[in-house]
Asks: 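Structure below; questions to follow.
In what follows, chains are A, B, ... by sequence order, proteins preceding strands, each numbered from 1. These values consider heavy atoms only, across backbone and side chains, with no hydrogens, waters or symmetry-generated copies.
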Amino acid sequence: MSSSVRLTRRFYRRDPVTLAKALLGKILVRRLEDGRELAGKIVEVEAYLGIEDRAAHSFGGRRTARNASMWGDAGHAYVYFTYGMHWCVNVVADRDEVPTACLIRALEPLAGIEEMRRRRGRERGVDLCSGPAKLTQALAIDRALDGADLVEGGELYIVRGARGRRVIERSPRIGVAYAREWAGKPLRFFIAGNPHVTGQKKFEGAVPPKKRRPLSRGEKSKT
DNA sequence: ATGACGATTTACT
DNA sequence: GTAAATCGTCATA
């Protein structure tokens, strides 16, 4: 992993929507103190647009001890604690003093999977890293990594993944129903069809999902 | 000092 | 589908 090309400051210094889409397919690497590396491909990201965005922690220009990292320069981690028990990790976007970020919501585990399983506890399959708080637990990311530099630092960084076609889908963000007109904006991005994306129906075994019957005339879609 | 709440997960009905 | 878990953070006083 460490032999791969690390993303530069320039890569991160973009608006959060562009950055979110660009992050899909990249590889998030966590180097533990003992040198072991845990890594996963980023398959789901959300963009938080800053002061104007009612769903963002920086909405209305809010600047507190907790969200300080969001106001910093691009290419740093913004790690926050929520619901009394969970940590979530963001990649800070834009330039210094512009509080935008991308929430990493899901990874496809690539390296250190046994260690991830151990950290997650119990038997875990496809849901090892399929959720913003699940992946921080799996990769040992907490307050100690808030503000960590992804460009210069050694404990958390992102590298370019294999090049290849990525079909990107988008949807409204998860868990921001309170954000009024911002709740419905399609600022969640994910790799189409990837089973590690959150909210995926799981099909155990080899039985494929039933093909959907075409809608008949005048019939309304349920989705 | 206090109270309300959350960019979630999990277990259970 | 519904609810509990669980506590740092922040606004208000």
Asks: Choose from B:dT9, B:dA7, C:dG8 the nucleotide whose nearest atom is closest to any side-chain atom of A:Lys134.
Replies: B:dT9
Asks: In whole angstrom, give the distance that lies between atom CG of A:Leu135 and atom C1' of B:dA7.
Replies: 12 Å
Asks: Do the side chain of A:Arg6 and the main chain of A:Val151 share a donor and acceptor less than 3.5 angstrom apart?
Replies: yes
Asks: May I ask you to check if A:Arg160 and A:Phe11 form a cation-pi contact, with NZ or CZ under 6.0 angstrom from the six-membered ring centre and within 45° of the axis?
Replies: no
Asks: With a 4.0 Å cut-off on heavy atoms, is A:Ala65 in touch with a base, just the backbone sugar-phosphate, or nothing at all?
Replies: sugar-phosphate
Asks: Check the phosphate of B:dA7 against A:Tyr78, side-chain N and O only, distance under 4.0 Å to OP1 or OP2. Yes or no?
Replies: no
Asks: Please check if A:Leu23 and A:Tyr78 belong to a single hydrophobic cluster, counting links between Ile, Leu, Val, Met, Phe, Trp and Tyr side chain heavy atoms closer than 4.5 Å.
Replies: no
Asks: Taking the six-membered ring for Trp, does A:Tyr48 stack with B:dA7 (centroid gap under 5.5 Å, planes within less than 30°)?
Replies: yes
Asks: So what's C:dT12 paired with, Watson-Crick or G-U wobble, going by both distances under 3.5 Å?
Replies: B:dA1
Asks: Of all the choices, B:dT10, B:dT8, C:dG8, which nucleotide is nearest to the side chain of A:Thr82 once you look at every atom?
Replies: B:dT8
Asks: Kindly point out which of C:dC10, B:dA7, C:dG8 is positioned nearest to the side chain of A:Phe81?
Replies: C:dG8
Asks: If only side-chain N and O atoms of A:Arg63 are considered, is one of them under 4.0 Å from the OP1 or OP2 phosphate oxygen of C:dT9?
Replies: no
Asks: Tell me whether the OP1 or OP2 atom of B:dC5 has a side-chain N or O from A:Arg66 closer than 4.0 Å.
Replies: no
Asks: Out of curiosity, A:Ile168 CD1 to A:Glu44 CD, how far, rounded to the nearest 0.5 Å?
Replies: 12.5 Å
Asks: From C-beta outward on A:Met85, which listed nucleotide comes closest to its side chain: C:dT9, B:dG6, C:dA5?
Replies: C:dA5
Asks: Considering only side-chain heavy atoms of A:His57, which listed nucleotide, B:dT9, C:dC10, B:dA7, is closest?
Replies: B:dA7
Asks: If pairing requires Watson-Crick or G-U wobble contacts with both distances under 3.5 Å, which nucleotide is the partner of B:dA7?
Replies: none
